[in-house]
Structures are given as structure tokens and as C-alpha cells.
Amino acid sequence: MQAAIWVRGGLLVQDRPSRPHPFFTWARVDDVYIFSVYAPPRLSNAEFSALLEEAQGKRPLIIAGDFNAWSTEWGCSETRPRGVILLDALSALDVVLLNTGHTPTFTGPQGSSTIDLSFASDSLTPRVSGWRVEREVFTSSDHRAITFNLSAHRPHKSSACPRRRWSARTLDVEAFSEQLSGVRIPNVNATPGHTEDMAAALITAITEACDVSMSGGGARRRRHEPVYWWTDEIAALHRQCLRARRLTQRARGRAAEDARLANFAVARGRLRSAIEESKRRCWGASATPPREPSLVRRTFTALFPTVTEALIRPPAGPAGAVIPGVTLEELRGACTRIRDVAAPGPDGVPNRALKLAVVLRPDAFLKVYSACLSGGVFPSPWKRQRLVLLPKPGRPPDAPLSYRPLCMLDTAGKILERIICRRLEEYTEAPDGLSSPPRPVRRSEARGAAANVRNAFNSARWNNILAALERIRTPEYLQKIIYSYFQARVLEYDTDDGPESCSITAGVPQGLVLGPILWNVMYDSILRLRLDDGVRIVGFADDIAVVTVAETTYEVEDLLSRAIARVRDALWGLGLETADHKTEARLLSTKRRLETITIEVGDCFIASSPCIRYLGIQTDARLSFNDHLRAANEKASKVAGALSQIMPTIGGPRSSRRRLYANVTDSILLYGAPIWSCGAGTRAGMRRAEAIHRRACLRVISGRPHLSYDATYVLASIPPLALLANERSRLYQRRHEDARAEERQETLRGWQSRWDRSPKGRWTHRLIPNIRSWIERRHGEVDYHLTQLLTGHGYFKHHSQRYDHNASAACPACPLTVEDAEHVFFNCPRFEEGREELHRQLQEVARPENIVQLMLADKKNWLAVATFAKSVITSLRAEEMARRG
């Protein structure tokens, strides 16, 4: 026998093979078939392919062993014939690979490899967690021990009612207020059960108020313009689909029902395909969250590891301790962070309705939240999390780690989280709280390495967080409610088989208000490590940077390797693991000849790179940031190109909506501006970035490509990119102050000075001399026709003559006068009738010096000018087309 299974813990072996096999064995334990395999290299391909024949028909199934097979599927450098045979055999068994990462399972004299593999049936993957290659377990072999957990808990269909939805647009404030006015929250003892009852009463009152004051999410919506991906083809397919549905409904109970139903299915499929293709063309790859049951379950298992250890109860605290209740100021401060347009949690209550409930009945919320703090109870309904999987760009859609998890929570619970977070900050920011940031390294030469923690936020151990809270002397009542916060948390997710839910036992995933501060409390022990002299550690979220200064490369390699080993050991003690292969090293030096270093990170040897990406910024050895600006420009250019497809020159979204789209481009270009703006070689990169920024601004105003930079920025109400970069740098220097409004005023002053000095866009400057009054207006959209009035670039002969020297610039109605924007809009007799109507509506004669002031004074005035501009430009365009033939 060369394979064995050891059953412990009193579990019964329900079945086993009737005769021994030389290279494998199996057993049925707790209704799970477990196969242990050893396939020596001497086996022929035929013998190797027959190893797993006995596993046919056995479900659910776990297969583990030494297969001596190489494939890139499990991290090998190549795929050999044995790997192909094994993959073919496993495809018939409907199992998935459990190996994660690229940690070798075998290390011998000839090198390292991954030949010890673990597989499990699709139905078992939600129960499998914690797969790892153990480093400390002695095996008396070149093979390392592999461990993973198989929980007894099985994912179950959620018994909760379907999520309720209300349309915030239909909120009847008077009905909502009247319903809440009669709500009474009972005064009960501060025991866990009574506190849960108080929270349940508050939730019931809010949902009942939503029922009487809002329609469901499926209520009839107001008619809007077609969305950006709507086409004539989709409209035709939509009509066909509706007709097929009507015919199907009329055919119920008749002989033609099946045929009509099949036709409707085909029409609906064509419509969906056309919509998906149109969205793909407009936005690129589809970003639809997965719903295929096995993929969602495998993703859940890979992202949310199961921890079996019991939570350690925090200290009870002194008897009779006074616990401060929630104040009205705390409640209002927590509500200010809630955005009306943010998606609701599992309860479906719109944020706008919840904020209104807080304004109407603050007494009810204060009573419930104070009872939660005094009783140390975080109510169960607010511990339900709805999982949303966001696809990572460029990743295969069928891989579990290709998705980023986002957990949606009820907003009422997030308010309580924010109150707890504010109180925790008093202790984390105290002198005895979290470690302070390190002083910057100011030597001429520095070397560093950046490491990443694998699946960090979802793997954080709750007991480690509770221990860290006690270490920084957090009050017992806060420890107690956070202990309750961790208990019995449930994660809900949707699949094509219906909603399902699972318990989670670790992690602070994205979406939790308390997540960042709890992570920082636990992670602080890593930042406090005592390292060698000259070595410093910097942490940001789950990224770690180790920096050292030394005279020789040998000394640098030794210092960094030792420091990273200390960090890896400390992370291991917290139940975390570094992604060794993602570690990067970089050398900063003023020497003309660049050196390289190689550091040891676990089983990997990392050579220094001339440029690495850390926290989204490309940094090179000279800190010129040329590579960062080049990458940012390329990314922003692609995004601007994609946005241009949904922002046509004529029609499409209004200018205020276009401005939001343009801000996406600015966010990409300005990321890390406080750092790279002081770089040595950013001038050329900034010129390219400004060109991309200007193209986005042109799309905002539907302007022509030869419009000047300065006029484009003013009309789009977006400051120049260089001024925005300087503003962000100043804000970074004042990051502990609320100085955003002050720095924006400073930017406006610099922008106005630049606008007054610029030799370009003088017609626009004549119309809009004051930038502040223009960008702070409360009404008015800029479109294709109005932009031509405000810039003088358009269907004017004076402007067209720049590109056609044979054309005349004279006005056809006034031969001795040049046809430019001023003449056409304010003097030309061809448009006298429309101009008189404009003056009648404005109740004043429009001139270049007052037309913008009149537009800004009243919404009706703006509409009147825009209508006149459209009629003039439409006539000029028709004349131009006629001249061209």
C-alpha cells in the first residue's frame, strides 16, 4: 500500500474498497468519498489514466495525493502529458482544483514543483476553506503537508422573504411623516433579547412607513430619453419581442401555445444579445456579476475562508460603569455621510427615506442605538450582508479570484457602525493608540521592497482584532458590542438557483463601515515590529513597504531579506499570508549607473526592477514619474474614447451629465498628483495629460477640436489640469484640515488671472469675463449650438475662411461686413425677426457685454438665448451645406 486515509475524531467509515489497490485507496466518511492517491513516475500513461476509474459515480468527492503530474493549471511552468491525462480524467468527475497560489508542494535536490494536488466536487467547494501548504509541519519527506478544512455547514437556500424594494422618487413625505409620528419604541431592560426587540420595532416602523408612502421598485417610471446603448436595431427587436409576448399570452390553453412560446423565447434571446453587444461596444467587456451557482459558490469559498476557533469573550468591565448614550450630534454626524443615491441594503429602504426618518424621529433612533451600546448588542438584522461580486478587469470570468467582493448592509446598521467608529477613533488616535507614520527617508540612496497580503481583508481573524482592541485599552462596552458585531454574521448572495446564504467567521470585507478601523487596529502590530537599524516599514491597507538605507548592495539585500522574513512571520501569526510572487523591489539612487539587488521572500527570489507600481503610482529609480504619467495618459485616453461614444457632438447627455463623465478622466490623470507633481520629468507628461483633459472638456460643451484650451475650460466649468494638480498638492499638505473650500477659491483666483492674461479665446472672454459667476450658476446647459455663439467657432464665414482661403468672409446680406459671431447674433438683418423675439423675452436689448449676465439671471432667459442660437446655427448650417453642393 502506497496511499492511506487516517480517520480521526470518532467519525464512522461508512464504506471502503473491497480489496486493496497499490496506488490509491478511498473511504466514505460523513457521506463524503475521500480518495488518497500516489502515482509514482514509473506508471505508464495507461496505468495512470486508470487510477481514478473507481471514482466514477461517487459523489460528493475529495481527491488528494501526489500525482507527479505537471500542468500550468496548478502553477507549473509547463504542461506535460501526465497533466493532460489527469485533466481529462478529472473532467468526467466534475471536480475543481483546491490548490491556491503558487507555493511549491515539493522541494528536493533538483528543485521545487507543485505535484501534490487536491480536488473536490463542485457541491463541496462552499464547505472547503483554508487550503494551504504548511511550512512548520514535519513530514520526514521532501513533500510538504497540505491542510484544508471541510465544514459540516452546508449552504442553504435563504429562508428570508424576497428583498423588498421601494422607489425613492415616489416618496410621499407627508404620508411617511404621518405614519412615523405614531410609532412608539418601548422602554425595556438592556438585555440582548430586549434590545433586539427594540431594533425590530424600529425596523418594522420604517418599512411600514415605506409601504404607505412609496410605490414598489417596479412602479411605472417617467419617460426618459433612450439610454446611451439604445439603437434602432434594438428598438425593432424590442417591438418584435413585445408582439411575440402578446401573441403568447393570447395563445394560452390553445394548440399554438407551445409554438408561440418558442417564438417568444427566440425573440427575447435576440433582444438580450443585441443589448449586450451594444453595451460591449460602448463600454468594453461586460461587467455583469456572475450568477452561475457553482461559480458563485466557489468564489464565496475562495474569498471568505472559514475559521473554526470560537470567539474569545472580552472582559466584563467594572460593575455599574456608566456607558454614555448616543447624542443627537453623534446621530446627525453619522447621517451626513449617507448619500441619497447610494444603493440600499438587504432591507431595501432607500437612504433618502431613512434620513428623513432620522430627521422626523431622532428620539426613536437615539433610544435604540443607546440601548445597543449599553447592552453590548449589535442587532441581528443589521448583520446580514448582501454579496455583490465586481469583476476585475482582464481576469478570466470563470475563475473565483477574478471578482472583488462588495458587501451591502442596511443603512440603519451602518449608522450604528459609524457611531461606534467615531468613538473608537478617540482611542486609536490617542498617544497610546495606533502607531504614528514614519518620518520620510532623506538619504540620497534608498532601497525598498513592496509586499502584498493575500486576500487580506476577508481573512482577518476576529480574535486578533478583539485582542488588539484590548491592547490599546478600548472601553469594555465597545469591545462588547464589537464582539456581538462579529457573532452570527450572514452573507446572502443570488444565483440562478435562487438566493442562498452562508455564515461568515472571519474578515472585514469592503462595505463594512467598521472594516477599515478594525483592520488598522489588528494590523498595527505589523507596523510596530522592531527591525534592524536603518530599516523602516510602511503599511497602507494590505500593502506593505519595507525601506532601508545602506552603503553596499550586499548589506541592502541582507537587511531587506531579514526584515521581510520578520514581516512574513508576524503575518503568519495573525493568520495572514503574503503573496510572495507579487513582491517587488526597487532601488532609488542618484548614481549614473543603476545597480540591481536580489532579495529572498519565502521561496521566491525577487530581483529589483527599474520601475514598480506601488499604491497605483509607477515609481522609477530617479523619481521622474515619467512611467506613471505615460500609463495614466494611456488609461485616460482609452476611457475618454469610450466615453466619447456615448457623448455625440449633437444630442446625447446634457452638459451637466457630460461633466460628470469628464471627471472620470480627471480622476485617472490626477491620481497621486501630490506625489508626481514635484517629479523631475513631468513636464512632457503633463502636456500629454492636458491634451486628453481638453478633449474631455470639449465633449462636455460639444465644441469643435480647434477651440482654444482656455475657452474650453471656461465653458466646461472645469479648471485647467495644472491648476487642479496644484490644488490637490496643497490639500495634501493640509490633509488634517477642512480646507477644500479655501483651496478651491485659491484655484479660482489663479484661473481668473490666467484667463485675463491669455491671448486666446478673447471673444469668449468678452462674453464671460468673470469665471466665478459662470461656473457657480444654478441653471443652464451648454450645447452644440450655444457653444458656437459663445466661442465664435462654427458656421461663420470668418471662421471658415481659416480653412478655405478661396472662400469669402463677407456676409451675404451685408457685403461690406465680415460674417462673424458678433455680426450674426447681434446685427445681421437675416435674423432680425428672431432677434426681436429674443429682446421681447429678455425685456432688454441683448449686447455682447450683457447677454451672459441676462442668461445667468433667469432660467427663462437662458432658454430664450439657447433657442435663438439654435435657430441661427441651423440656418447657417443649411446655407453652408447648400454652398457645398
Side-chain angles (χ1 to χ4, degrees), residues 164 171 173 175-213 316-317 319-338 344-384 409-426 474-488 513-514:
R164 309 173 72 176
L171 176 62
V173 176
F176 189 86
S177 305
E178 183 179 355
Q179 180 68 23
L180 277 183
S181 61
V183 172
R184 295 291 180 269
I185 303 297
N187 290 315
V188 295
N189 298 327
T191 61
H194 291 151
T195 305
E196 292 276 4
D197 292 341
M198 293 177 66
L202 178 62
I203 295 170
T204 301
I206 295 173
T207 54
E208 289 177 351
C210 290
D211 284 335
V212 301
S213 62
V322 178
I323 299 174
V326 179
T327 65
L328 184 61
E329 183 181 0
E330 283 183 300
L331 180 61
R332 289 174 175 170
C335 289
T336 56
R337 301 288 299 274
I338 300 174
D347 62 0
V349 176
N351 288 353
R352 180 186 171 197
L354 187 69
K355 291 173 69 175
L356 179 60
V358 172
V359 172
L360 296 172
R361 293 299 308 273
D363 57 313
F365 286 89
L366 291 174
K367 184 182 293 185
V368 172
Y369 291 153
S370 296
C372 292
L373 289 176
S374 61
V377 176
F378 200 93
S380 299
W382 296 338
K383 291 190 280 190
R384 291 186 305 135
L409 300 115
D410 291 344
T411 307
K414 293 171 76 170
I415 293 177
L416 179 56
E417 283 192 61
R418 202 167 296 283
I419 293 171
I420 298 171
C421 184
R422 291 280 180 89
R423 297 193 177 192
L424 272 179
E425 287 175 352
E426 297 179 13
T474 306
E476 286 78 7
Y477 81 93
L478 289 179
Q479 296 185 49
K480 186 176 179 182
I481 196 171
I482 292 173
Y483 171 81
S484 172
Y485 176 80
F486 286 148
Q487 287 184 310
V513 175
L514 281 170

Below 4.5 Å, heavy atoms only, C-beta onward: do Leu478 and Ile420 meet side chain to side chain? yes
Charged N to carboxylate O below 4.0 Å: is that the case for Glu330 and Arg423? yes
Report yes or no: do Gln179 and Ser213 form a side-chain donor-acceptor pair below 3.5 Å? no
How close do Thr411 and Ile338 get, heavy atom to heavy atom, and via which atoms? CG2-CD1, 3.6 Å
Please test Phe365 against Leu354 for side-chain contact (heavy atoms from CB on, under 4.5 Å), starting from the C-alpha separation and ending with a verdict. CA-CA 11 Å; Phe365 286 89; Leu354 187 69; 4.1 Å; yes
Report the C-alpha distance between Leu409 and Arg384 in whole Å, list the side-chain angles of each, state the deciding distance to 0.1 Å, and finish with yes or no for side-chain contact (heavy atoms from CB on, under 4.5 Å). CA-CA 7 Å; Leu409 300 115; Arg384 291 186 305 135; over 6 Å; no
Does a sphere of radius 6.0 Å around CD in Glu178 hold more than 12 heavy atoms from other residues, nucleotides or ligands, not counting ones at 6.0 Å or beyond? no
Side-chain H-bond candidate by donor/acceptor type, Tyr483 with Gln487, under 3.5 Å: yes
Please report the shortest heavy-atom distance between Leu360 and Ser177, naming the atom on each side. CD1-OG, 3.2 Å
Does Lys480 have more than 12 heavy atoms from other residues, nucleotides or ligands lying within 6.0 Å of its NZ? no
Is there a side-chain contact (heavy atoms from CB on, under 4.5 Å) between Thr195 and Val368? Walk through the geometry before answering. CA-CA 7 Å; Thr195 305; Val368 172; over 6 Å; no
If you measure from CG on Leu202 to CE on Met198, what distance do you get to the nearest 0.5 Å? 9.0 Å
Parallel, tilted or perpendicular: which one describes the rings of Phe378 and Trp382, with boundaries at 30° and 60°? perpendicular
Hey, mind stepping through Val349 and Thr207 against side-chain contact (heavy atoms from CB on, under 4.5 Å) and telling me if it holds? CA-CA 7 Å; Val349 176; Thr207 54; 4.3 Å; yes
Indicate yes or no: at least one non-hydrogen side-chain atom of Lys367 is less than 4.5 angstrom from one of Asp363. no
For Cys335 and Ile415, work out which heavy atoms get closest and say how close. SG-CD1, 3.8 Å
What's the spacing between Leu331 CG and Glu329 CD if we round to 0.5 Å? 11.0 Å
To the closest 0.5 Å, what do you measure between CD1 (Ile323) and SG (Cys372)? 11.5 Å
Between Ser370 (side chain only) and Val326 (backbone N and O only), is there a donor and an acceptor less than 3.5 Å apart? yes
Where Pro344 and Gly348 come nearest, the two heavy atoms and their spacing: CB-C, 3.8 Å
Roughly how far, to the nearest 0.5 Å, is the CZ atom of Phe176 from the CZ atom of Arg352? 10.5 Å
In this structure, CD1 of Ile482 is separated from CD of Glu417 (nearest 0.5 Å) by 10.0 Å
If every non-hydrogen atom of Asp410 is compared with every non-hydrogen atom of Pro381, which pair is closest and at what distance? OD2-O, 3.5 Å
For the atom pair CZ (Phe486) and CD1 (Ile481), what is the distance rounded to the nearest 0.5 Å? 12.0 Å
Nearest heavy atoms of Arg361 and Leu180, plus distance in Å: NH1-O, 2.8 Å
